[in-house]
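Okay, structure first, notes after.
All chains are named by letter (A, B, ...) in the order of the sequence lines, taking the proteins before the strands, and each is independently numbered beginning at 1.
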Amino acid sequence: MPELPEVEVVRRGLERWIVGRTTAEVAVLHPRAVRRHVAGAADFAARLSGRRVLDARRRGKYLWLPLGDGPSGPASDDGDWALLAHLGMSGQLLVQPADAPDEKHLRVRVGFQDELHTELRFVDQRTFGGLSLHPLTEDGVPDAVAHIARDPLDPEFDEEGFHRALRARRTTVKRALLDQSLISGVGNIYADEALWRTGLHYDRPTAALTRPRVSELLAHVRAVMGEALAVGGTSFDSLYVNVNGESGYFDRSLDAYGREDEPCRRCGTPIRRRPWMNRSSYYCPRCQRPPRVRRPLAAG
DNA sequence: TATCCGACCTGTTGGC
DNA sequence: TGCCAACAGGTCGGAT
């Protein structure tokens, strides 16, 4: 499942293989893949065709390619635009030889005006992800991403502001980690891993977290993401791959996620899995004590 | 206003 | 062998 490290691996691939090239024909093979482009698939293909790719950027799990003018004229008459991508659950951005057979779940194909004979393909089995075109705000971020918080690997991430937000919220720590308007890039896997490393139960109220505890949690979030990035991300199956179609290896290093009934690597207690918000939470019942349940005062 | 939770989507797995 | 339910989970929008 692509979270921040996996998206960063893809961004680096796009930076290497796509930046500087000018797009040619664009084919939308499944309209749902461009559903966030409100003007529709035809407009998406027309606007994207003939544009020079200037850069490959990322915030949290979103990545985008700022577009410049092409031989056919300006990209738009109302400022700078970018191709925005979200991989969702199963999205892949692949750079493939133009004559390679179509993938089973190929949704969008972008050709280029050069002699490299490779094309950019958006492949997505579950179609939770998608591509769209958006104007850039003054911060250089697509307007659709303006509400997304900076991610913990961003040097401008506001740790003090994050702590203040946690103190003010009446929510629990894992919910907060997955709230992309508070901190971006964290998904179910790295949330469970960071909580296990910090020794925090997923249901702990955020308002009770001290400043040092929040710092510790953020340090573990950064560490687990950095380690995953170093080995190409986490992949349980063929659904997450880099632009060359290769999987990462971090799943071999996970301490909590997906390890139900296996011994905790700290204390040996079997890891538990609990249904949580239509998904699962994995935790060590000894290292990560659940919060005490508040009982109402007895009447009389 | 803040928070919660179901829907979206499809391939895989396990039970019957 | 075939059918069905459960499961995976990021994001959005409606409900509370």
Q. Could you write nucleotides 3-8 of chain B as a row of B, S and -, 5' to 3', where a protein heavy atom under 4.0 Å of any base atom gives B, of only sugar-phosphate atoms gives S, and otherwise -?
A. SSSB-B
Is [Y] paired with [X] through a side-chain N to carboxylate O contact shorter than 4.0 Å?
X        : Y        : value
A:Arg58  : A:Asp151 : yes
A:Arg197 : A:Glu193 : no
A:Arg109 : A:Glu25  : no

Taking the minimum atom-to-atom distance to the side chain of [X], which one of [options] wins?
X        : options               : answer
A:Arg273 : B:dG11, C:dC12, C:dA8 : C:dA8
A:Ser280 : C:dG10, C:dA8, B:dG11 : C:dA8
A:Lys61  : B:dG11, B:dC9, C:dT11 : C:dT11
A:Tyr62  : C:dA8, B:dT10, C:dT11 : C:dT11

Q | Reference residue A:Tyr202; test side chain to side chain contact (heavy atoms under 4.5 Å, CB included); the match among A:Arg175, A:Met277, A:Arg274 | A | A:Arg274
Q. Same hydrophobic cluster for A:Leu54 and A:Leu133, using side-chain heavy-atom links shorter than 4.5 Å among ILVMFWY?
A. no
Could you state the atom-to-atom distance from [atom1] of [X] to [atom2] of [N] in whole Å?
X        : N      : atom1 : atom2 : answer
A:Ile148 : C:dC12 : CD1   : P     : 6 Å
A:Glu260 : C:dC7  : CD    : P     : 11 Å
A:Asp124 : B:dG11 : CG    : P     : 11 Å
A:Arg126 : C:dA8  : CZ    : P     : 10 Å

Q.
Could you tell me if A:Arg265 sits above the aromatic ring of A:Trp196, with its cationic atom closer than 6.0 Å to the ring centre and no more than 45 degrees from the axis?
A. no
